[in-house]
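One structure is given below, encoded as structure tokens.
Heavy-atom basis, side chains included; hydrogens, waters and symmetry copies ignored.
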Amino acid sequence: MEDRLYYIDFDKLFENYADKYYGMHEDEYDSPDDFARDLDKIYHIWATSPQEVLGGISPSEFFNRIPTDKLIDILKGSCVGDNNPNSLLFDRIATEPVLKPELEGLAYAADDEKLLLVTLSLINELGGANDKFYLDMIERDIDACVKEECIEVLCDRADRVKDELLSRADRTDDVGMLELYAEPLTFCEAGNDRILSLLLTLLATDPNTAYVAALIGRYGDERAAADLFKLLDNCDYAEFLEIRNAIEELGGTVDEHYRDFSDDPLYKTIKGNK
């Protein structure tokens, strides 16, 4: 199999196929939207049909024939520039558990957002990495959206990674990192003194008051209510809404008319005032 074929724009091949398919079957569809709802079926037809450009084999068979030891290099090449990895390549790699260690190494070394996101998705498809992998990834200087993917995994493992998150939080005063450590911790059972202390530290130091209030509300430790109440007198309306919601999550109440926000831009927008 010629290596040049690995980097064919398969998405473009399918786009051309779909255009021709629609032209031949247009009378079967009431509208282009109706046709769009059929694309999964059409994609399967294309993926399992012989293609001349591939030497007469189907795209599915083409990807099934790629040697396992070439898949990671092809993945890296397919993420360069405007290229994107084809779903058939993704599906093939996701059937190869033996590649997970190599994918983890690639994630540690890569700094390209597209490659990182694809690599993380593949690792998760293959059952996920160990806790340290995701903890280390959120500490890297990489795109926020990549870190968010790792945070989601850590949220699902909150109880298991609680002690390590708290330990790492004790070693920094960087507000951004403390936010990242705090989010999974809010999925732990309320009542932990160290988690409460971290959240109250953020409430006192993090300019993103609304976000921290939402974290506190989700964590559900009613001991934080007093600190939230203190902020009600000096917050804008967006912050007020989140602080009030958090207090209510903790069992307290705040009157809707606690303060006059008639001059607040968000308040005027919500209330329909100009």
Side-chain angles (χ1 to χ4, degrees), residues 1-15 43 47 53-54 57-158 160-162 164-165 167-169 171-172 174 176-177 179-181 183-184 187:
M1 188 180 294
E2 297 180 44
D3 286 2
R4 65 176 180 81
L5 296 178
Y6 297 147
Y7 303 105
I8 289 176
D9 189 340
F10 284 88
D11 289 337
K12 188 65 177 178
L13 284 182
F14 172 65
E15 182 182 325
Y43 188 86
V53 70
L54 300 177
I57 63 174
S58 71
S60 290
E61 180 63 22
F62 174 83
F63 282 100
N64 287 337
R65 290 186 185 185
I66 296 175
T68 301
D69 60 4
K70 287 182 175 287
L71 290 170
I72 299 300
D73 283 338
I74 296 170
L75 177 69
K76 289 189 286 187
S78 69
C79 289
V80 173
D82 294 331
N83 296 331
N84 290 292
N86 180 268
S87 62
L88 294 172
L89 173 63
F90 186 99
D91 292 344
R92 167 66 200 287
I93 296 174
T95 66
E96 297 284 355
V98 69
L99 293 177
K100 189 161 70 168
E102 192 172 351
L103 288 166
E104 291 175 13
L106 177 59
Y108 271 114
D111 55 14
D112 175 75
E113 176 186 347
K114 179 167 41 178
L115 180 57
L116 271 170
L117 284 171
V118 171
T119 303
L120 283 171
S121 293
L122 283 164
I123 291 169
N124 293 335
E125 282 288 319
L126 289 167
N130 61 33
D131 300 337
K132 183 178 183 299
F133 170 84
Y134 297 102
L135 288 161
D136 289 346
M137 289 297 289
I138 66 173
E139 294 187 342
R140 289 190 56 203
D141 183 18
I142 53 179
D143 294 271
C145 61
V146 180
K147 292 188 180 187
E148 288 171 8
E149 293 285 326
C150 295
I151 289 294
E152 285 186 16
V153 175
L154 293 172
C155 287
D156 290 335
R157 306 179 180 189
R160 200 165 77 196
V161 298
K162 176 179 65 177
E164 181 60 26
L165 285 167
S167 177
R168 294 190 184 208
R171 298 197 294 267
T172 185
D174 181 274
M177 287 308 306
E179 279 188 2
L180 293 176
Y181 297 139
E183 185 165 349
F187 287 88

Describe, in one word, how the ring planes of F62 and F10 are oriented to each other, choosing from parallel (under 30°), tilted (30 to 60°) and perpendicular (over 60°).
-> tilted

Give the ring-plane orientation class for Y43 versus F14, where under 30° counts as parallel, over 60° as perpendicular and anything between as tilted.
-> perpendicular

Residue pair [X] / [Y], side-chain heavy-atom distance below 4.5 Å:
{"X": "D143", "Y": "L116", "result": "no"}
{"X": "D11", "Y": "N86", "result": "yes"}
{"X": "V146", "Y": "R140", "result": "no"}
{"X": "E96", "Y": "L71", "result": "yes"}

When rounded to the nearest 0.5 angstrom, what is the spacing between [atom1] in [X] and [atom2] in [Y]?
{"X": "I8", "Y": "S78", "atom1": "CD1", "atom2": "OG", "value": "13.5 Å"}
{"X": "L122", "Y": "K100", "atom1": "CG", "atom2": "NZ", "value": "12.0 Å"}
{"X": "E179", "Y": "I138", "atom1": "CD", "atom2": "CD1", "value": "11.5 Å"}
{"X": "D111", "Y": "D141", "atom1": "CG", "atom2": "CG", "value": "9.0 Å"}
{"X": "I93", "Y": "L88", "atom1": "CD1", "atom2": "CG", "value": "11.5 Å"}
{"X": "L54", "Y": "S58", "atom1": "CG", "atom2": "OG", "value": "8.0 Å"}

Restricting to non-hydrogen atoms, name the atom on [X] and the atom on [Y] that form the minimum distance, rounded to 0.1 Å.
{"X": "I151", "Y": "L180", "answer": "CD1-O, 3.4 Å"}
{"X": "T172", "Y": "M177", "answer": "CG2-CB, 4.3 Å"}
{"X": "C79", "Y": "P85", "answer": "SG-CD, 3.9 Å"}
{"X": "N83", "Y": "G77", "answer": "ND2-O, 3.8 Å"}
{"X": "C155", "Y": "F187", "answer": "SG-CE1, 3.4 Å"}
{"X": "A129", "Y": "I123", "answer": "N-CG2, 3.7 Å"}

By ring pair (Phe, Tyr, Trp, His ring centres under 6.0 Å), which residues pair with Y181, not counting sequence neighbours?
-> none

Who are the side-chain contact (heavy atoms from CB on, under 4.5 Å) partners of E125, not counting sequence neighbours?
-> F90, A94

Can any side-chain N or O of K114 pair as donor or acceptor with the backbone N or O of G81 at less than 3.5 Å?
-> yes

D174 side chain to G176 main-chain N or O, any donor-acceptor pair under 3.5 Å?
-> yes

Just do the side chain to side chain contact (heavy atoms under 4.5 Å, CB included) check on V153 and L120 with the steps written out, would you?
-> CA-CA 10 Å; V153 175; L120 283 171; over 6 Å; no

Yes or no on side chain to side chain contact (heavy atoms under 4.5 Å, CB included) for F63 and I74, after CA distance, side-chain angles and deciding distance?
-> CA-CA 11 Å; F63 282 100; I74 296 170; 5.6 Å; no

Under-4.0 Å salt bridge between K76 and D73 = yes

Start with the C-alpha distance between L13 and V53, add both sets of side-chain angles, then the distance that settles side chain to side chain contact (heavy atoms under 4.5 Å, CB included), and finish with yes or no.
-> CA-CA 9 Å; L13 284 182; V53 70; 3.9 Å; yes

Before giving the answer on side chain to side chain contact (heavy atoms under 4.5 Å, CB included), spell out for D131 and R157 the whole-Å C-alpha distance, their side-chain angles and the decisive distance to 0.1 Å.
-> CA-CA 8 Å; D131 300 337; R157 306 179 180 189; 2.7 Å; yes

Apply the test side chain to side chain donor-acceptor pair (under 3.5 Å) to residues R92 and S60: give CA-CA distance (whole Å), side-chain angles for both, the deciding distance (0.1 Å), then the verdict.
-> CA-CA 9 Å; R92 167 66 200 287; S60 290; over 6 Å; no

